[in-house]
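What follows is a set of notes on a single structure, which appears directly below.
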Amino acid sequence: MRGLILIIMKKNESIKDRLAYLSRYLKEHPHLVNKIHQQLLISLHTKNFISINQIYNEALGSKAHKLMNSLDPNQGIAIRWDNKLRASIHSIVQKYSAMFFTTKEIENIVNLVRKREEAQTLDDITKLPGISFKVLAMRLKEYCSLPKSGIELTLPEITGLKVSLIKKFISDQLEFINIAKKFFNISDIKSIIDNSFGADEEIGKIGGKAAGMILAHRIITKEKEKFKMEISDDLLIPESYFIRSNVYEDFLKHNKIGYFKNQKYKSMEQVKNEYPMIKEIFKNAEFPPYIVIQLKRFLKRVGTHPLIVRSSSHLEDNFGSAFSGKYDSIFLANQGSFKERFNNLLGAIAEVYASTIGPNPILYRQEKNLIDYDEEMAVLIQKVVGFKYYDYFLPAFSGVGFSINEYRWSPKIKKEDGLLRMVVGLGTRAVERASTDYPAMISLSHPDLSPKIYYRDIKQYSQRFVDVINLKKNRIESISFTTLLKDENFPFLDKLVSVFKDGLVTPPFHKKFFSKPEELCITFFNLLNRTDFPEKMKLLLKTLETTYNSPVDVEFAFDGKNFFTTQKITSRVFYLNTKDSQSM
């Protein structure tokens, strides 16, 4: 021990300085005095500086020897500290802490106690019935603002707190929680809260679609270097905002239209006939004043960037059922006056709310025996991934990746390696089959293996129309690819197209090339054959499938610089329409 003391004394800090430093912390946190001393005592013991028994014996003095001699060896003893003994132990703990710990180490131990106290308080609050969002969010922010110390809470402590917060704000589905607790950080949950809207008095969740997207991204970013693509420095998710599920209930109450929830008990013919009328009632209904204020602030913050308003119900992306495509998702060009943009935003949210009682979700819930479930609808609002190109806004490409490939046009293709369904522009043509057009179909086991036998097939069955947001007309529209291309400065063009000329299809050899728009056809040849994109997508999908222990689908988009995963769908095996047999 003497040698250790001499080593410490060689440092600039004196024992007196450390005692003063510790004393200052104890005065700053009087409610934590006992716990700070307890943690210092534990740290001294576990680091083998001095044992707890030695400190107790020193505090007891001569009484320790008499006490030990009087003990019956066949009986145990439990000593409860009186105030005098406690003060003596605290004094001794301070003395040895100043001997063996630097001021930085003392600070770390104090911060650990503070963090543990805040974590326990936060965990206790999450379990209180009727706790308000405002109070819980405030305590979470206080916890996250604590200094980062060299000593952290134990894994069980952190896991317990994460589970409590996930249940409160994100999902109470056990299958989801079992995975999420391994990948979410407390700071991730705080970020969700910071970007969410709803009443201060009520707790609402962000819904299945939002939860699935965030979890998929956390799974991927845990080993981000493994998924880093040649085409993108990072894997991102779009800037996202969340209208919590309690707002939906407040919307129904505010307009006294909660009775529409009973549509699910009507015949499907009635549901179909009445839905157009109900949609108009919802779109013209009033929103509670508190959410109007919050959404106005949000719209001022994001400006005129195009938006997509997505459903995020509690049932979406649920394990064992997949509601993809059953509820509405609405693109907003978000151009024009603030009043016009705000009214369009409210209309889109109301339309998503109305879709909860539309024919498709009700029919699907009947099939899954979920009709009596009291569906709650949260809303996910995202900035659209893309770039401005003249009067248009669109991503370079987007699509859906499937971890299981149910469509194999060659015995060489491996089902388990997955499939991509890709288009230039907005992903609507990849998600929703267009009867007059053909997305690219890419086997991830053999990305260069096309179902087309002849060169003429490549041109004939390639994508010809592109879905874009027309910023000038303030709407989404479909235009021909040749109309879209104003010049060769379209981002990433050399990776998207091949040149069809004199009966031959040739991919560009350079980033800058000169061809007439009508000579180009969308093949993604250079993207698939001259980058690591297919390999990384296969790895991404397989990682998610393994983690979820279920087939997964992932929507994605690329803005010419960064690659985004925009949505994740689980537990859904995709079967292709027979019309896709000619697509690539």
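Any value given below was found using the heavy atoms of this structure, including those in side chains, with hydrogens, waters and symmetry copies removed.
- For the pair I291 and I293, the minimum side-chain heavy-atom distance is 4.5 Å or more.
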Determine whether R475 and E477 satisfy the following criterion, salt bridge (charged side-chain N to carboxylate O under 4.0 Å, His left out), listing intermediate values before the conclusion. CA-CA 6 Å; R475 70 186 188 197; E477 65 180 18; 3.4 Å; yes

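- No side-chain heavy atom of Q463 sits under 4.5 Å from any side-chain heavy atom of Y438.
- Nearest approach of G347 to K283, heavy atoms of both residues: O-CG, 4.0 Å.
- Geometric assessment of K495 against the ring of F492 yields a positive cation-pi assignment under the 6.0 Å and 45° thresholds.
- A salt bridge is defined here as a Lys NZ or Arg NE, NH1 or NH2 lying under 4.0 Å from an Asp or Glu carboxylate O, and K542 with E545 meets this definition.
- Side-chain contact check for F227 versus T221: every heavy-atom pair is 4.5 Å or farther apart.
- The shortest distance between side-chain heavy atoms of I179 and E175 does not fall below 4.5 Å.
- Side chains of S443 and S445: a donor-acceptor N/O pair is present below 3.5 angstrom, by distance only.
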For the pair L520 and V499, evaluate side-chain contact (heavy atoms from CB on, under 4.5 Å) and give the outcome as yes or no after the intermediate values. CA-CA 5 Å; L520 302 180; V499 180; 3.8 Å; yes

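- Side-chain N or O atoms of N470 include one that pairs as donor or acceptor with a backbone N or O of K472 at under 3.5 Å.
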Evaluate salt bridge (charged side-chain N to carboxylate O under 4.0 Å, His left out) for E239 paired with R301, printing each intermediate quantity in order. CA-CA 12 Å; E239 189 174 318; R301 189 191 319 167; over 6 Å; no

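- For L528 against T523, the heavy-atom pair with the smallest separation is CD1-O, 4.2 Å.
- Under the 4.0 Å criterion applied to side-chain N and carboxylate O atoms, K115 and E157 are not assigned as salt-bridge partners.
- Looking only at distances, no side-chain donor or acceptor of K383 sits under 3.5 Å from a matching main-chain atom of H305.
- For CG of N529, the number of neighbouring non-hydrogen atoms (other residues, nucleotides, ligands) closer than 6.0 Å is greater than 12.
- Although no hydrogens or angles enter the test, the distance criterion places a donor-acceptor pair under 3.5 Å between the side chain of T531 and the main chain of L527.
- Closest non-hydrogen pair, A396 versus P491, comes out as CB-O, 4.3 Å.
- Relative orientation of the F397 and F556 rings is perpendicular, given thresholds of 30° and 60° on the angle between their planes.
- Between D194 and K141, at least one side-chain N (NZ, or NE/NH1/NH2) sits under 4.0 Å from a carboxylate O, which counts as a salt bridge.
- The aromatic rings of F490 and Y389 lie perpendicular to each other, with more than 60° between the two planes, well past the 30° mark.
- Once rounded to the nearest 0.5 Å, the distance linking OG of S240 with CE of M213 reads 3.5 Å.
- At a cut-off of 3.5 Å, with distance as the only test, no side-chain donor of R341 or Q335 sits close to an acceptor on the other residue.
- Counting only heavy atoms from C-beta outward, the side chains of K224 and L235 never approach each other to under 4.5 Å.
- Although no hydrogens or angles enter the test, the distance criterion places a donor-acceptor pair under 3.5 Å between the side chain of S171 and the main chain of Q173.
- Judged as a ring pair (Phe, Tyr, Trp, His ring centres under 6.0 Å), and not counting sequence neighbours, the contacts of Y248 are Y353.
- Under the 3.5 Å distance criterion, with hydrogens and angles disregarded, no donor-acceptor pair is assigned to the side chains of S398 and R429.
- Here the side chains of L420 and V400 are not in contact, with every heavy-atom distance at 4.5 Å or above.
- Ring centers of F298 and F197: under 6.0 Å apart, within the cut-off.
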Before you tell me yes or no, could you show the steps for Y392 and I469 under side-chain contact (heavy atoms from CB on, under 4.5 Å), namely the whole-Å CA-CA distance, both residues' side-chain angles and the distance that decides it to 0.1 Å? CA-CA 6 Å; Y392 305 116; I469 294 175; over 6 Å; no

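- Between E376 and K205 there is no salt bridge, since none of the side-chain N atoms of the basic residue sits less than 4.0 Å from a carboxylate O of the acidic one.
- Applying the salt bridge (charged side-chain N to carboxylate O under 4.0 Å, His left out) test to residues at least two apart or on different chains, the pairs with a partner in residues 177-189 are D188-R218.
- Panel note: side chain S403, backbone V552; a donor-acceptor pair is recorded below 3.5 Å.
- Minimum interatomic distance between I413 and H446 (heavy atoms only, all atoms of both residues): CA-ND1, 4.0 Å.
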Please test K536 against E230 for salt bridge (charged side-chain N to carboxylate O under 4.0 Å, His left out), starting from the C-alpha separation and ending with a verdict. CA-CA 9 Å; K536 291 301 174 73; E230 291 177 18; over 6 Å; no

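- Cation-pi geometry between K222 and F183 is met: the NZ or CZ atom falls under 6.0 Å from the ring centre, inside 45° of the normal.
- Side chain to side chain, N334 and T304 fail the donor-acceptor criterion of an N or O pair below 3.5 Å.
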Give the intermediate values and the outcome of side-chain contact (heavy atoms from CB on, under 4.5 Å) for residues S312 and M377. CA-CA 6 Å; S312 185; M377 177 63 76; 5.5 Å; no

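- Rounded to the nearest 0.5 Å, atoms CZ (F176) and NZ (K167) are 13.5 Å apart.
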Go through F524 and V424 one step at a time and tell me if the side-chain contact (heavy atoms from CB on, under 4.5 Å) criterion holds. CA-CA 9 Å; F524 299 105; V424 170; 4.0 Å; yes

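- Between F133 and I193, some side-chain heavy-atom pair lies under the 4.5 Å cut-off.
- Using a 4.5 Å heavy-atom cutoff, the side chains of L485 and L493 are in contact.
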